[in-house]
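None of these values were measured; they are calculated from a predicted model. In what follows, chains are A, B, ... by sequence order, proteins preceding strands, each numbered from 1.
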Number of protein chains: 2
Amino acid sequence: MAIKERKEREKQDMRNLIIESATQLFLKHGYDKTSIRNIADDIEYSPATIYLYFKDKDEIFYVIHENAFVILDGLLRKNQSIENPIERLHAIGKTYMQFAFDNPDYYDLMFIMRAPLSQIKSEEQWKSGECAFGYLIDTIGECLDKKLVKPVDKMLLSISTWSFVHGLVSLYIRERMCIVPMEDSQIKQMLDVAVENYVENLRA
Amino acid sequence: MAIKERKEREKQDMRNLIIESATQLFLKHGYDKTSIRNIADDIEYSPATIYLYFKDKDEIFYVIHENAFVILDGLLRKNQSIENPIERLHAIGKTYMQFAFDNPDYYDLMFIMRAPLSQIKSEEQWKSGECAFGYLIDTIGECLDKKLVKPVDKMLLSISTWSFVHGLVSLYIRERMCIVPMEDSQIKQMLDVAVENYVENLRA
DNA sequence: GTTTTTACTAAACACTGTTTATTATATTTA
DNA sequence: TAAATATAATAAACAGTGTTTAGTAAAAAC
């Protein structure tokens, strides 16, 4: 029954083809402007074919979403070599911010876009997300354990830290920082300083 | 030439009618799910008529956007009676957050939605936005002048403070707080504590 | 009373995500 | 090998979107 396995492989290949095309189009033009017909044109199949491999557009969204979390998680964990946890925390913040500026469309998809909840709400699926957030919690836990930062509830500090950097990044990405009377390069520089300042302020 | 004036009045009335209907529909179903045809049905005119009063959907978006900023600005300034600027800052943060939770669709429109830049980028139009943000800057300036908070660049602290609360609020509104293993009411409570904790940490 | 301007709309255009009925091909069975 | 069945792909349609165009009634100006 090698045919069944080949078919299974071909099915997965087709899914990969669709995801690759969708990701590329999405990173070039953004999610909203990537239509099923665009993807179909790109892979030279009819639009209806895509629905043989994915339930709907949300399911494609979700796979890209999952991939993005794997990428971010990998980047964040590259800071594991930094021994001092508060310095590591600082590096994590900078890495997170850099990821957002390098891949604004990924960031949008991950943390800003109104998400297809049916897919995301299930906790299983958030695994890689929980993983990245879990890494932040662990690092902050280490800072607290070693009394390097002022004592405070671990979860509170984790949410606060994430929210702080997300706030800076998302206001920038969604172009609300334009009310600040500064040039773009100056603003980006200030956002960097803001993260630095925030982490320094946590110190015990 | 009273006819011309009456016509002008009628034109403005029609614009108001459209905006009122659009706002009501938008607050009920969200922006994306409010179509020009929905508005047209509601006011009992043809869709094409709306284009005689507004250039496009973005222009309707922008008027609602402007109105929302007037509302928020008014709410924030109600805290002016609080004399201690750092306590006022705390109150402003809580008011901002309450506004977001009470009017998530307004908040979305104001600070999260991908905005029609053509309208918003022009600084004139951001007037009320600048006004609300200006009020934050002024309050923080007062805190700095009176040496109630640790010395730091005024603009940096203003952006940081805004970003912090925006981060908390926007992650909640766009349902990313679901990775935190807590119930909704607990999360909301924690967000409140986070703001309190943040302001306390600023103290000199 | 005739002309001109204004207010409005039906219908169309070019899109969107998605579904259905149909066809051609590949696989299985007799 | 030939007929029956299962699979893969698609053309066409459905219901929706924002927006434009051409045409019609009513109001205002002359």
Side-chain angles (χ1 to χ4, degrees), chain A residues 1-19 21-23 25-26 28-65 109 113-119, chain B residues 1-19 21-23 25-26 28-65 109 113-119:
Chain A
M1 281 294 133
I3 288 171
K4 226 173 194 175
E5 288 160 31
R6 196 204 71 213
K7 291 248 163 165
E8 197 59 42
R9 234 185 309 126
E10 282 175 356
K11 189 138 199 163
Q12 194 54 55
D13 286 351
M14 189 63 166
R15 277 180 66 97
N16 291 342
L17 183 68
I18 292 167
I19 290 296
S21 165
T23 304
L25 287 171
F26 151 76
K28 196 184 282 175
H29 307 114
Y31 181 79
D32 283 341
K33 285 182 181 168
T34 303
S35 72
I36 297 292
R37 281 173 181 81
N38 293 155
I39 301 169
D41 279 359
D42 188 54
I43 61 172
E44 296 177 302
Y45 281 83
S46 86
T49 302
I50 291 174
Y51 287 87
L52 299 175
Y53 296 89
F54 293 93
K55 193 179 131 280
D56 52 25
K57 202 186 172 189
D58 284 352
E59 197 174 315
I60 297 173
F61 164 99
Y62 176 64
V63 176
I64 297 175
H65 179 274
L109 191 83
M113 268 187 57
R114 205 179 282 288
L117 303 176
S118 52
Q119 297 282 351
Chain B
M1 282 291 135
I3 288 173
K4 229 173 193 173
E5 287 161 29
R6 197 204 68 212
K7 292 247 164 170
E8 197 58 45
R9 238 185 305 126
E10 283 176 353
K11 189 138 199 161
Q12 194 53 54
D13 285 351
M14 189 64 164
R15 276 180 67 98
N16 291 342
L17 182 68
I18 293 168
I19 289 295
S21 166
T23 304
L25 287 171
F26 152 75
K28 197 184 283 177
H29 308 115
Y31 181 78
D32 283 340
K33 285 181 181 170
T34 302
S35 71
I36 297 291
R37 281 172 181 82
N38 293 154
I39 301 168
D41 278 359
D42 188 54
I43 61 172
E44 295 176 302
Y45 280 83
S46 86
T49 301
I50 290 175
Y51 287 87
L52 299 175
Y53 296 89
F54 293 93
K55 192 178 131 281
D56 52 26
K57 203 186 171 189
D58 284 352
E59 197 174 315
I60 297 173
F61 165 98
Y62 176 64
V63 176
I64 297 175
H65 180 274
L109 193 82
M113 268 186 58
R114 206 177 283 288
L117 302 176
S118 51
Q119 296 283 351

Would you mind reading off the distance between [X] atom [atom1] and [N] atom [atom2], rounded to a whole angstrom?
X: Ile50(B); N: dA7(C); atom1: CD1; atom2: C1'; result: 14 Å
X: Met14(B); N: dC8(C); atom1: CE; atom2: C1'; result: 9 Å
X: Asp32(A); N: dG18(D); atom1: CG; atom2: P; result: 13 Å
X: Asn38(B); N: dA15(D); atom1: CG; atom2: P; result: 17 Å
X: Lys55(A); N: dT18(C); atom1: NZ; atom2: P; result: 8 Å
X: Leu25(A); N: dG17(C); atom1: CG; atom2: P; result: 12 Å
X: Ile36(B); N: dT9(C); atom1: CD1; atom2: P; result: 14 Å
X: Leu52(A); N: dT22(C); atom1: CG; atom2: C1'; result: 14 Å

Using a cut-off of 6.0 Å, state whether more than 12 heavy atoms not belonging to Glu44(A) lie near its atom CD.
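No, CD of Glu44(A) has 12 or fewer neighbouring heavy atoms, counting only those of other groups under 6.0 Å.
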
Can you figure out which of [options] approaches the side chain of [X] most closely?
X: Tyr51(A); options: dG17(C), dT10(D), dT19(D); result: dG17(C)
X: Ser46(A); options: dT10(D), dC8(C), dT18(C); result: dT10(D)
X: Arg37(A); options: dA13(D), dC8(C), dT19(D); result: dA13(D)

Exam field: side chain Asn38(A) to backbone Ser35(A), donor-acceptor pair closer than 3.5 Å:
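Such a contact is found between Asn38(A) side chain and Ser35(A) backbone.
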
What does Phe54(A) touch in the nucleic acid at a heavy-atom separation under 4.0 angstrom: a base, only the sugar-phosphate, or nothing?
nothing

Base, sugar-phosphate, or nothing: which does Ser35(B) touch, judged by heavy atoms less than 4.0 Å apart?
sugar-phosphate

Please confirm whether the shortest side-chain N or O distance from Thr49(A) to OP1 or OP2 of dT10(D) is below 4.0 Å.
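It does, given that an N or O in the side chain of Thr49(A) lies less than 4.0 Å from OP1 or OP2 of dT10(D).
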
In Å, rounded to the nearest 0.5 Å, how long is the span from OG of Ser21(B) to CD1 of Ile60(B)?
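Answer rounded to 0.5 Å: 9.0 Å.
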
Out of curiosity, Ile50(B) CD1 to Arg37(B) CZ, how far, rounded to the nearest 0.5 Å?
10.0 Å

Over all atoms of both residues, closest heavy-atom pair of Ile36(B) and Lys57(B):
CD1-CG, 3.9 Å

